[in-house]
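Structure, as structure tokens:
Proteins come first, then strands; the chains are lettered A, B, ... in the order of their sequence lines, and each starts at number 1.
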Protein chains: 2
Amino acid sequence: MKPVKVGICGLGTVGGGTFNVLTRNAQDIARRAGRDIIIAQVATRHPNPAVDTGNVAVTTDVNDVINNPDIDIVVELIGGYTIAKDVVLGAIANGKHVVTANKALIAVHGKEIFAAAEAKGVSVMYEAAVAGGIPIIKAIREGLAANRINWLAGIINGTGNFILTEMRDKGRDFADVLAEAQALGYAEADPTFDVEGIDAAHKLTILSSIAYGIPLQFERCYTEGISRITPEDVEFATELGYRIKHLGVSRRTDKGIDLRVHPTMIPVARPIATVDGVLNAVMVNGDAVGNTLYVGAGAGAGPTASAVVADIIDLARLIDAPAQASVNHLAFNDIQDEQVLPMDEVETRYYLRIPVEDRTGVLAGVATILSEKGINIEAIIQKEPKAGESLAQIILLTHTVVEKQMNAAIAAIEALPSTVGNITRIRVEHLN
Amino acid sequence: MKPVKVGICGLGTVGGGTFNVLTRNAQDIARRAGRDIIIAQVATRHPNPAVDTGNVAVTTDVNDVINNPDIDIVVELIGGYTIAKDVVLGAIANGKHVVTANKALIAVHGKEIFAAAEAKGVSVMYEAAVAGGIPIIKAIREGLAANRINWLAGIINGTGNFILTEMRDKGRDFADVLAEAQALGYAEADPTFDVEGIDAAHKLTILSSIAYGIPLQFERCYTEGISRITPEDVEFATELGYRIKHLGVSRRTDKGIDLRVHPTMIPVARPIATVDGVLNAVMVNGDAVGNTLYVGAGAGAGPTASAVVADIIDLARLIDAPAQASVNHLAFNDIQDEQVLPMDEVETRYYLRIPVEDRTGVLAGVATILSEKGINIEAIIQKEPKAGESLAQIILLTHTVVEKQMNAAIAAIEALPSTVGNITRIRVEHLN
């Protein structure tokens, strides 16, 4: 059987990893794919010292790869929206299949890209775009295809998970750990994408689209970062039997679909609560299968290359088959628009930390407001002031309530004369 | 596009679940598969009260399904080796694709079945044979296809995991929990397959074949059950920071491949150590991806049906494609024989519990023997006799050593006059 020829655009961390995995495991990969997979050309502006390109043709111009008539599959590993988008659309226009690890590109421009690919009868594969080496796209699009997906929740940003893990393990504060993560290369100089949840929102957008058959709609995803989490909250969460994770959550409800990224408390008994450090994890609940969980490295040369090369192998098997043999880009052959719930309408549980004056009647005032708003309390702790301080804290967990109702309660409690400063609110998910 | 027609043989728990999932989610399944999937016929000797077969033709003779010219895919959900094997081979002979949940059949007769299927140009799918609803076959055959798999380890028998979880949570003993599991329907009247590790060995045989590209060789799998685990061992494991799980372990080494099912101590910090109750979990380590973990329900109508129907959907997409488009039955297109290590040659860590007389010099005697055999001790606890008892216990953890060396050390320690009765040995895996 004729070999399949691959052109790689971008030879940074992921591109280099992809080159090396394809080369190192070439023999086993051919035994799996049923044919050889050959790197025909690489486009890069900067040599990667971790890669020996050997006899492979190297160019600095991505157009050489896109226009190379020998190449069957173009692998886009440049990142960003500009050149990357041109490479993907250019490759499609030339009738080539595409593999990309670019979550931002798929989340924001996926609709245009998949339409172009379908018009040309080619596939765009993007397993590496979510949760690195974990084959979560394949699990949802294929492995769980029998199910009506009810909800999914994921730790899908390794930087954020590293920061929260360090904060808990060592009692450190956010800014301190972030600086270390930047020094270690886990976090970018501008950490906004990671710590404010934008990167996770890109990934959640993709996961929810293939889970429910809805359009990609990154712009409707609620995002809240982890920068306001304090060591105190981390400690109280532990005391209550929870862990704080930066979670992407999406749930199918009668009123619409939740789509939200925010700090979340999870019971420590759930295996996902113990997924620490830079690891990623995704839970998916289906009507037939119940809960499933997938854990692995969410980034790095090897793990991301693992996903990119798996896509290449899938394409190598399917390249001579009719289009019907390939999985739909967004899992379903007709995407149906469903309402994404505004955050105000989302129902969840809450942890509240309320700084209050240390005098009698304060707890009763808080409880009265919650009761008036129809919010049931699941657990409550009152913490006396620490030595030398004058503020007490009320820590409480609520049952499920609509967010707008909770917002009203928080505003009312903050307006009480006994409340000193702002309430910290962390959403709680039981994931069961 | 023409609908795909399915015939289901067996309408018990899994057959009934498959019927119901295909019916309930028919519309979403068609949106995913790109065509309708229709149940054309069911063969069963006993009606299932959980299933309304409606207008679907029902027969008591599996041959009616196998010989039905309308049927594209035969789903074997009878179990066992006799009728099930005839159904699978009969369906293949008639040019039909097959989906089965039958781990024993695949582990023992897979070679013959896959050879017949390949000769006929049809596929035999078996995602449901291992770890129920967890798409672990797909993860290894496709999702991790870029990797050279180094090792895998799984909690792949829900009954055993339920028993060990209850023993730990409630301090109960094995026989007591087993009786309850039988009353609850989690364990069979004859629990041998589950608690002695035979069922897990069937599944490990399949996983290791698709991980390494080696033949199915159930007969070479070492199996050791959980019936000798005592509440005392469970408690000491907890004290040392471990959990005891009944684990299937397979590792690629320079000398050959490990293939073994036995009680195993795992550090509690690993997410797999917190997978409790009837849940299943599989860890897979690949050279590119590192560690990955997959968790979910290992049995039951819904989870198993989830896997069976996912296979049907894959077949529905691929049914008009050339054979090259389908994944190889055992992942690789050429299966290469590699030595399976005899248990004597396996290297691992150990937990030993040594009942001894309570007098000075005993610990020194044990330590001397271990030292002579070249076995390094990682941790050691000496437990004084409980009130009213005269025996002390030495509990120790070793570094990695070859099993035959450990066997020699155990024999020598048991021969010491200070040792009273038998040593308990539990293998330890760090899974990192």
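- Contact annotation for B/E127: neither backbone nor side-chain heavy atoms come within less than 4.5 Å of a heavy atom of chain A.
- Note that CZ of B/R32 is 8.0 Å distant from CG of A/L144, once rounded to the nearest 0.5 Å.
- Residue B/N328 touches chain A through its side chain alone, counting heavy-atom pairs closer than 4.5 Å.
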Can B/D276 and B/K245 be said to form a salt bridge (charged side-chain N to carboxylate O under 4.0 Å, His left out), step by step? CA-CA 9 Å; B/D276 285 335; B/K245 295 292 182 186; 2.8 Å; yes

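- There is no contact between B/V284 and chain A, counting heavy-atom distances below 4.5 Å.
- Only the side chain of B/R24 comes within less than 4.5 Å of a heavy atom in chain A; its backbone stays farther off.
- Residue B/W151 comes nearest to B/N432 through the heavy atom pair CZ2-O, 4.0 Å, listed as atom of the first residue, atom of the second, then distance.
- With hydrogens and angles ignored, the 3.5 Å screen pairs no side-chain donor or acceptor of A/D36 with any backbone N or O of A/I38.
- Heavy-atom minimum distance, A/G286 versus A/N150: C-ND2, 3.8 Å.
- Interface residues of residues 287-298 of chain B toward chain A, defined by a heavy-atom distance below 4.5 Å and sorted by number: B/D287, B/A288, B/V289, B/N291, B/T292, B/L293, B/Y294, B/V295, B/G296, B/A297.
- If you measure heavy-atom distances from A/A301 to chain B, you find no contacts under 4.5 Å at all.
- Remark: A/S208 pairs with no residue by the side chain to side chain donor-acceptor pair (under 3.5 Å) rule, at least two apart or across chains.
- Residues B/K138 and B/D314 are paired through a salt bridge, judged by an N-O separation under 4.0 Å between the basic side chain and the carboxylate.
- Contacts between B/A281 and chain A at a heavy-atom distance below 4.5 Å are absent for every atom of the residue.
- The residue among B/S326, B/G133, B/G143 with the most heavy atom pairs within less than 4.5 Å of chain A is B/G143.
- When heavy atoms are compared at a cutoff of 4.5 Å, B/M1 approaches chain A solely by way of its side chain, counted from C-beta outward.
- Atom CD of A/Q27 has 12 or fewer neighbouring heavy atoms from other residues, nucleotides or ligands inside a 6.0 Å radius.
- The choice from B/A325, B/G132, B/A310, B/A139 that makes the most heavy-atom pairs within less than 4.5 Å of chain A is B/A325.
- With a threshold of 4.5 angstrom between heavy atoms, B/L315 does not approach chain A through any atom at all.
- Panel note: side chain A/R31, backbone B/A331; no donor-acceptor pair is recorded below 3.5 Å.
- In this structure, chain A has no heavy atom under 4.5 Å from any part of B/A273.
- Across B/V124 and B/A117, no two heavy atoms sit closer than the pair CG2-CB, 3.7 Å.
- Checked by atom type and distance alone, the side chain of B/T18 pairs as donor or acceptor with a backbone atom of B/V14 at under 3.5 Å.
- Residue B/T304: no heavy atom, backbone or side chain, is found under 4.5 Å from chain A.
- Contact annotation: the side chain of A/V327 approaches that of B/R317 to within less than 4.5 Å [non-hydrogen atoms, C-beta and beyond].
- Taking chain A as the reference chain and counting heavy-atom pairs below 4.5 Å, the highest number among B/R148, B/R270, B/E142 is found for B/E142.
- If you measure heavy-atom distances from B/A33 to chain A, the contacts under 4.5 Å come from the backbone alone.
- Rounded to the nearest 0.5 angstrom, B/I335 CD1 and B/F114 CZ are separated by 9.5 Å.
- Only the side chain of B/N25 comes within less than 4.5 Å of a heavy atom of chain A; its backbone N, CA, C and O stay farther away.
- When B/N147, B/I29, B/V21 are compared by the number of non-hydrogen pairs under 4.5 Å with chain A, B/N147 comes out ahead.
- Note on ring orientation: taking the six-membered ring where Trp is involved, the planes of B/H430 and B/Y242 are tilted (angle from 30° to 60°).
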